[in-house]
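Just below is one structure, and these are the notes that go with it.
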Amino acid sequence: NIEEYRTTTGYAMPRILVLMDEFQALFNEDHDRRAARESSVLLADFISLARNCGIHFLLSTQTLSRIRTGNFSVNQSTLDEMHVRIGLQCSADETEKLFGGIFGKQAYGLMGSQKGSGVLTKNDLKLPPCAFRAVFCDKEKRAELLQLIEDRYSAINSIEGMRVFRSDTVPDIRDGMDRRAGSSADVAKGIPIFLGEPIRIGPPVVLDVNRRMRSTLLIAGGDAGMLDSLVANYMFSAFSAKDRQGSEGEALYRVHPTVYLCEGRAISEDSGSELLSRVCAGRHEDVRVAKSNMDVLRFLDELYGIMIERQSSEGGPYQTIHFVISEYQWMDAFLAIYERRDSQYDEELGGKRVEDDPDAMLDELLNSLSRPASGGDVRRIEKLERLIQRGYAYGINIVVGTTDFASLRERLYDLVPNMQCRIVFSLSEDDADRIVRGALGQMETLRPNMAIITDGRSEPEIFKPYRISTI
């Protein structure tokens, strides 16, 4: 209670006045049903409890009739708890809605026609209304007062720290990085991956990649542009973290690229994502990009070897490596791992044919004795599974993205539980809920620039992935 706080401590905790002009727009379900309903619940709590904490609301609107007859989520019981009422030249019907059945007709009779005329009651349940005229300033006086305000407060940066949420715009990733850098919130030690802006006023949606907690990421949805944006944000964040470290920290033991990128479209087609290419441009020492199916297997073998090497070391420190696999359904080598036919690429990787080397033939025979009846080589499946399950503890994080949910369901579905963080978009309700528990009922409210994320520990959250304006 603010009064008790002032009495007990001797400090004058300031009161807060929240002004909401045309407040009904926030509760319009035709614009955003989820946001409108959540806002209605929050406002009800504020109106009931916040005044004890010195927080007060002033709501203004040009019409109450539309709120009661339209598709608005704000509850009448919430508005009924606001007992100070002001009406300015209202119609009879509006006046009765504002001042109630007891004082409505009396208030309407007091409505004047002059500029600034209005009716006020300090308690619509107990006190009769009274007429008044709002203070009016002529142009000269208004200019004088505005100049006085400017002279007194011009040194204060009112824009710094101000945040405006717009559902139809997408913020730049650097805005999120700057906001996080200026926050006093406790940030886990690790690599912050900036993914987007939440659908509310709140901190950026950030994935902290560190060795203490699995931070593998699965991205699934039907929009290739959205997938590219999320993968680009991930890699841009990883590169930016490396740049911020400069000659300190991980730079002392950095011997591998920061990102190993396998992009399915770039391997199966003439060109891949333009956005990913721009993010990687000029980063020759920081990224290795798979050019062929053999490179995909080579990356997997190399990263698994790094993990095994680190397991036998003294525990670090380790350079953080990000293994990013985007649109895997277009990579035959990746699919071959699950179809147990990746051995067909081993000849090209080894540089000679097995049948031309007696020792290699003997090794192949011995290996085949430990294979399942299908005859496929399961070793790379195990490598991938172990990297996903334990790689994070040795500084290797896995990111898998696809726009083909059918391929995910057929080949990778058993690995979904091991992908700690998951993002879905442009999927059916049922498909999204298979990946993100709790997404059911939320997909229909998503706009084209929105996605749903979960870290496996908290409730799913809707957010807008960042854009990268310039690189």
Side-chain angles (χ1 to χ4, degrees), residues 186-193 206-218 231 234-262 280 283-290 294-326 328 333-334 337 342 345-346 349-351 363 366-367 370 377-400 415 417-421 455-457:
D186 181 29
V187 179
K189 292 182 179 179
I191 306 297
I193 302 298
V206 176
L207 169 65
D208 281 304
V209 176
N210 59 72
R211 293 175 52 198
R212 298 184 301 277
M213 188 177 299
R214 182 185 292 135
S215 46
T216 48
L217 175 61
L218 173 65
V231 172
Y234 188 102
M235 295 196 302
F236 186 86
S237 299
F239 293 146
S240 298
K242 178 257 183 184
D243 293 341
R244 286 193 299 273
Q245 289 163 346
S247 60
E248 302 176 357
E250 285 195 354
L252 296 176
Y253 51 89
R254 184 180 296 111
V255 294
H256 305 288
T258 301
V259 173
Y260 286 70
L261 173 62
C262 300
C280 295
R283 291 281 183 176
H284 305 298
E285 296 182 358
D286 299 325
V287 61
R288 287 181 61 186
V289 181
M294 283 78 76
D295 283 346
V296 175
L297 300 180
R298 190 178 292 112
F299 285 4
L300 178 58
D301 292 341
E302 181 177 333
L303 291 171
Y304 184 75
I306 293 172
M307 185 180 75
I308 295 300
E309 180 182 346
R310 291 179 175 183
Q311 286 177 342
S312 60
S313 68
E314 296 298 326
Y318 302 133
Q319 170 199 352
T320 301
I321 301 173
H322 308 271
F323 189 20
V324 180
I325 306 166
S326 180
Y328 66 83
F334 196 86
I337 294 174
D342 54 299
Y345 289 98
D346 289 334
L349 287 172
D363 291 340
L366 293 175
N367 288 335
S370 61
D377 188 351
V378 299
R379 287 177 299 172
R380 285 199 177 92
I381 293 179
E382 294 173 355
K383 289 179 181 180
L384 182 61
E385 290 175 345
R386 291 171 185 174
L387 279 170
I388 291 175
Q389 293 169 357
R390 295 291 299 160
Y392 73 95
Y394 302 98
I396 303 175
N397 199 55
I398 311 296
V399 180
V400 178
L415 292 181
N418 292 314
M419 304 302 288
Q420 184 67 36
C421 303
D455 60 4
R457 293 174 289 273

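Across all their heavy atoms, M307 and R390 have their closest contact at SD-C, 4.2 Å. Of all heavy-atom pairs between S215 and N210, the closest is OG-N, 4.0 Å. Between Q389 and R214, the closest heavy-atom pair is O-NH2, 3.2 Å. When every heavy atom of L297 is checked against every heavy atom of D342, the shortest pair comes out as CD1-O, 4.1 Å.
Contact of the K242 side chain with the E285 side chain is not registered, since no non-hydrogen atoms from C-beta on lie closer than 4.5 Å. The shortest side-chain heavy-atom distance between E385 and I388 does not fall under the 4.5 Å cut-off. Between Y328 and I337, every side-chain heavy-atom pair lies at or beyond the 4.5 Å cut-off.
Atom CD1 of I191 and atom OG of S237 lie 10.0 Å apart (nearest 0.5 Å). A distance of 7.5 Å separates OH in Y304 from CD in E382, rounded to the nearest 0.5 Å. Taking CZ from R298 and CZ from R288, the interatomic distance works out to 7.5 Å, rounded to the nearest 0.5 Å. Here the straight-line distance linking atom CG of L217 with atom CD1 of I398 works out to 11.0 Å at 0.5 Å rounding. Atom CG of residue D208 and atom SG of residue C421 lie 9.5 Å apart, to the nearest 0.5 angstrom. One distance of note links NZ of K383 with CG of D301; it measures 3.5 Å at 0.5 Å rounding.
In this structure, F323 has no ring-ring contact (aromatic ring centres under 6.0 Å, His included) partners at least two apart in sequence or on a different chain. Partners of V287 under the side-chain contact (heavy atoms from CB on, under 4.5 Å) rule, at least two apart in sequence or in another chain, are F239, V259, L261, C280, R283, V289. Applying the ring-ring contact (aromatic ring centres under 6.0 Å, His included) rule to Y260 yields the partners F299; only residues at least two apart in sequence or on another chain are considered.
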I'd like to know whether L384 forms a side-chain contact (heavy atoms from CB on, under 4.5 Å) with F334, so could you lay out the CA-CA distance, the side-chain angles of the two residues, the decisive distance to 0.1 Å, and finally the verdict.
CA-CA 10 Å; L384 182 61; F334 196 86; 3.8 Å; yes
Should T258 and H322 be marked as a side-chain contact (heavy atoms from CB on, under 4.5 Å) after you check the CA-CA gap, both sets of side-chain angles, and the distance that decides it?
CA-CA 6 Å; T258 301; H322 308 271; 3.9 Å; yes
Candidate pair L387 and I396, rule side-chain contact (heavy atoms from CB on, under 4.5 Å), full reasoning
CA-CA 7 Å; L387 279 170; I396 303 175; 4.2 Å; yes
Step by step, work out the side-chain contact (heavy atoms from CB on, under 4.5 Å) result for T216 and N418.
CA-CA 8 Å; T216 48; N418 292 314; 5.8 Å; no
